[in-house]
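Notes follow the structure.
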Amino acid sequence: MADPVLQIEDLGVRFHLKRGRLTAVDQVSLTVNRSETFGLVGESGSGKTVTARAVMRLVPIPPGEIFQGRVLFDGENVLDKSDAEMRELRGRKIAMVFQEPMSALNPVFTVGNQISDALRTNLGMSKREAKERVIELLNLVGIPSPESRYGNYVHEFSGGMRQRVMLAMALSCNPSFLIADEPTTALDVTIQATILELIQSMTERFHMSLIFITHNLGVVAHTCDTIGVMYASHLVELGTKNEIFANPLHPYTQGLLNSIPRLDTQAKFLTPIKGLVCNMLEPPQGCKFNPRCEHAMDICSQEVPPLKEVAPGHFVACHLHP
Amino acid sequence: MSDYFLEVKNLTKHFPLNNDLISRLGGKTRTLKAVDDISFFIKPGETLGLVGESGCGKSTTARLITRLIEPSSGSIYLKDDDLLSLPPERMLDVRKTVQLVFQDPYSSLNPRKTIMQILSRPLEVHNLAKGWTAKRRHVLHLLRLVGLGVEHADRYPHEFSGGQRQRIAIARALAVSPQLIIGDEPVSALDVSIQAQILNLFRELQQEFNLTYLFIAHDLSVIRHISDRVAVMYVGKIVETGTVETIFENPKHPYTHALLMAVPHADPLKPPPRLTLQGELATPVDPPPGCRLYGRCPIATDICGEVSPELIGRGGEHYVACHNI
Ligand SMILES: Nc1ncnc2c1ncn2[C@@H]1O[C@H](COP(=O)(O)OP(=O)(O)OP(=O)(O)O)[C@@H](O)[C@H]1O
Ligand SMILES: Nc1ncnc2c1ncn2[C@@H]1O[C@H](COP(=O)(O)OP(=O)(O)OP(=O)(O)O)[C@@H](O)[C@H]1O
Ligand code: SF4
Ligand code: SF4
Ligand SMILES: [Mg+2]
Ligand SMILES: [Mg+2]
């Protein structure tokens with residue numbers, strides 16, 4: 001039975017900038033069930049991180065504004081919660097691994113002390129307990145010689161190691177919901193395989209739900225149950241992993257799958273999606289993908305296609321599939 | 001004249017770790033061997049792909065070649081110039097010849113400067129465009145090259161998403177018409193549709209200007225796509241190098257095997273990624289003698305724990321560092 005933990009309903013987030021109003025997330029609705037892994041993929045700048053930050057209530061306001069929608073976590077709207085309630089929720093239930101590890105880790109404290117401080121504040125551990133737990137966590141995420149790395153600063157870690165420190169920090173309070181924003185982007189594949197295995201075993205062991213934001217379709221193909229595809233602030237396709245890979249319907253999803261470099265042959269040039277990234281300050285009318293779409297019709301530049309269920313559990317927002 | 005555009009010989013970078021508790025208690029300094037006696041070359045107009053475990057020393061190698069940090073020992077030749085004994089006045093030229101595109105687009109762009117200012121800076125430093133109009137024209141051209149538009153020129157880095165910022169970093173490297181571009185994970189932060197454009201862009205620019213690339217990536221499908229030859233690194237050492245076909249179709253080193261098995265295919269019907277190596281990650285901090293893969297390697301023998309294997313030629317341009325191949 002579906003047991004929804006997170007329900008995002010008609011979410012809209014925009015930024016008020018000097019140069020105008022930028023709608024970063026528009027009419028996004030999605031549900032993540034208990035123990036489910038939801039993969040969020042899509043164009044860079046399409047609003048994946050902002051969607052995740054809205055769930056964590058970490059959108060900077062101002063310039064940001066959550067102008068519509070609800071974010072229900074265990075049935076309660078996080079957008080109505082007080083700051084104190086939110087801090088409690090973030091410390092104990094929802095954790096996020098950020099895309100930019102450098103901005104989430106403090107350069108002036110040692111990595112060990114940062115994680116152990118979080119443990120002592122959120123879980124009330126003693127200094128010694130916290131230190132032992134941190135070393136255990138660093139070991140768990142594959143940091144070699146964790147005892148001697150405990151006292152290192154962030155800048156003494158490589159990019160990949162910083163990501164693993166972030167994961168250790170996120171897992172430190174045993175959250176029931178994890179948002180991982182590009183957690184393996186800077187990692188090579190053997191470490192990625194371990195981290196993916198680690199995240200998967202955590203989700204199974206603790207019935208943890210997960211939103212996995214990534215641009216690596218290989219990663220999504222082997223970790224996620226459900227996939228949502230975003231383009232220019234909209235969720236344009238949603239379905240089970242197998243359905244999305246076997247039967248992609250949105251022209252952007254199709255283009256995405258076609259532009260992956262292959263491992264078994266070497267082509268001189270790839271088949272990218274043509275065109276520029278969408279200018280989010282002056283997005284095109286109608287379907288935001290229309291200037292890049294090979295199937296664009298008259299209606300595409302006039303009306304935004306709504307997300308419609310075209311097969312059981314398979315949703316797509318495209319005028320080709322009315 | 002050297003046949004190589006870049007040649008690196010016995011390059012080594014050791015970081016003393018003075019800060020950590022264990023060395024302070026024990027009163028001795030521990031050494032982090034980030035890059036340990038590596039040698040490789042890149043021919044003009046060629047792309048060498050550099051792959052390897054997180055923390056194995058790829059970025060350190062890039063930073064050594066661009067002289068952002070000083071090596072502990074070894075030499076770096078750019079064509080016939082010995083970079084480590086070059087007089088300071090020639091270094092500005094070298095800085096123009098060799099450009100680095102960083103791994104982390106968040107920290108490499110000055111948050112207080114507009115994109116126009118960021119991209120004008122190298123033009124000013126190297127005297128490439130005089131006057132506001134010429135600079136602006138050049139900058140707009142660079143933005144187009146990397147798939148951005150006029151409307152982006154007067155915005156600040158924080159207003160861009162991760163992928164857009166990496167495009168700006170690439171535009172900045174291209175600004176001075178370099179000959180060697182070192183890309184340190186330059187496409188890792190990009191989504192696939194844009195990654196394909198940027199990889200095509202790297203190709204087009206290479207053909208047009210006969211550029212030489214050192215391309216660092218952890219995504220093996222990207223390495224496969226972009227490289228002519230590949231070097232595989234593990235904990236400060238190069239363990240295997242060869243043509244892209246050899247590395248992907250006939251890999252010999254156990255670590256290269258492991259890498260290829262661990263790649264997630266973008267196809268849920270293909271087998272999931274698997275890790276064929278056992279045990280703990282090797283550490284670059286005071287590593288024990290012998291092969292760095294010893295302890296994790298499925299085919300290790302006694303000698304592997306005692307003697308570090310040399311990179312030995314196996315015919316053609318294929319080199320493998322392993323006692324049991
Ligand atoms: N603090 C901010 N101020 C102004 N604009 C912002 C801010 N944060 C995000 N944006 C804008 O909101 C849009 C969505 O950004 P977001 O970071 O969610 O993209 P993303 O899908 O995570 O992209 P990527 O894959 O590149 O990380 C972008 O156009 C971005 O420029
Ligand atoms: N300034 C420094 N002081 C101490 N150690 C350092 C310093 N810079 C790098 N290191 C260490 O050197 C090793 C190699 O780091 P490097 O950044 O070159 O790795 P990398 O191969 O680029 O990894 P990644 O794929 O994660 O980016 C790591 O163990 C790192 O912690
Ligand atoms: S709605 Fe039109 S422009 Fe948009 S993806 Fe569908 S066919 Fe293309
Ligand atoms: S030298 Fe020994 S330990 Fe190292 S890769 Fe070869 S067999 Fe394995
Ligand atoms: Mg993001
Ligand atoms: Mg690096």
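We use all heavy atoms of the structure for the numbers below, so side chains are in, but hydrogens, waters and symmetry mates are not. Throughout, protein chains are lettered first and strands after them, A, B, ... in sequence-line order, and every chain is numbered starting at 1.
Annotation: maximal heavy-atom pairing with chain A below 4.5 Å, among B/Ala262, B/Ala34, B/Pro264, occurs at B/Pro264. The choice from A/Arg19, A/Lys241, A/Lys18 that makes the most heavy-atom pairs within less than 4.5 Å of chain B is A/Arg19.
The side-chain tip of B/Arg155 points at the ring of B/Phe160 from less than 6.0 angstrom away and within 45° of straight on. Taking the ring centre of A/Phe157 as origin, the terminal cationic atom of A/Arg149 falls inside the region bounded by 6.0 Å and 45° from the ring axis. Judged by a 6.0 Å distance limit and a 45° cone about the ring axis, A/Lys288 is not positioned over the six-membered ring of A/Tyr231.
Salt-bridge check for A/Glu147 with A/Lys131: failed, with every basic side-chain N at 4.0 Å or more from each acidic carboxylate O. Between A/Lys48 and A/Glu182, none of the side-chain N atoms (NZ, or NE/NH1/NH2) sits under 4.0 Å from a carboxylate O, so this pair counts as no salt bridge.
With a 4.5 angstrom heavy-atom cutoff, B/Glu204 touches chain A via backbone and side-chain atoms both. Using a 4.5 Å cut-off between heavy atoms, B/Ile198 makes no contact with chain A at all. Proximity to chain A (any heavy atom under 4.5 Å) is shown, for B/Val51, by neither the backbone nor the side chain. With a 4.5 angstrom heavy-atom cutoff, B/Leu220 touches chain A via backbone and side-chain atoms both. Looking at A/Leu22, the atoms closer than 4.5 Å to chain B (heavy atoms on both sides) all sit in the side chain, from C-beta outward. Of the two parts of B/Asp267, only the backbone, made up of N, CA, C and O, holds a non-hydrogen atom closer than 4.5 Å to a non-hydrogen atom of chain A.
Taking OG of B/Ser227 as the start and CD of B/Glu46 as the end, the distance is 9.5 Å to the nearest 0.5 Å.
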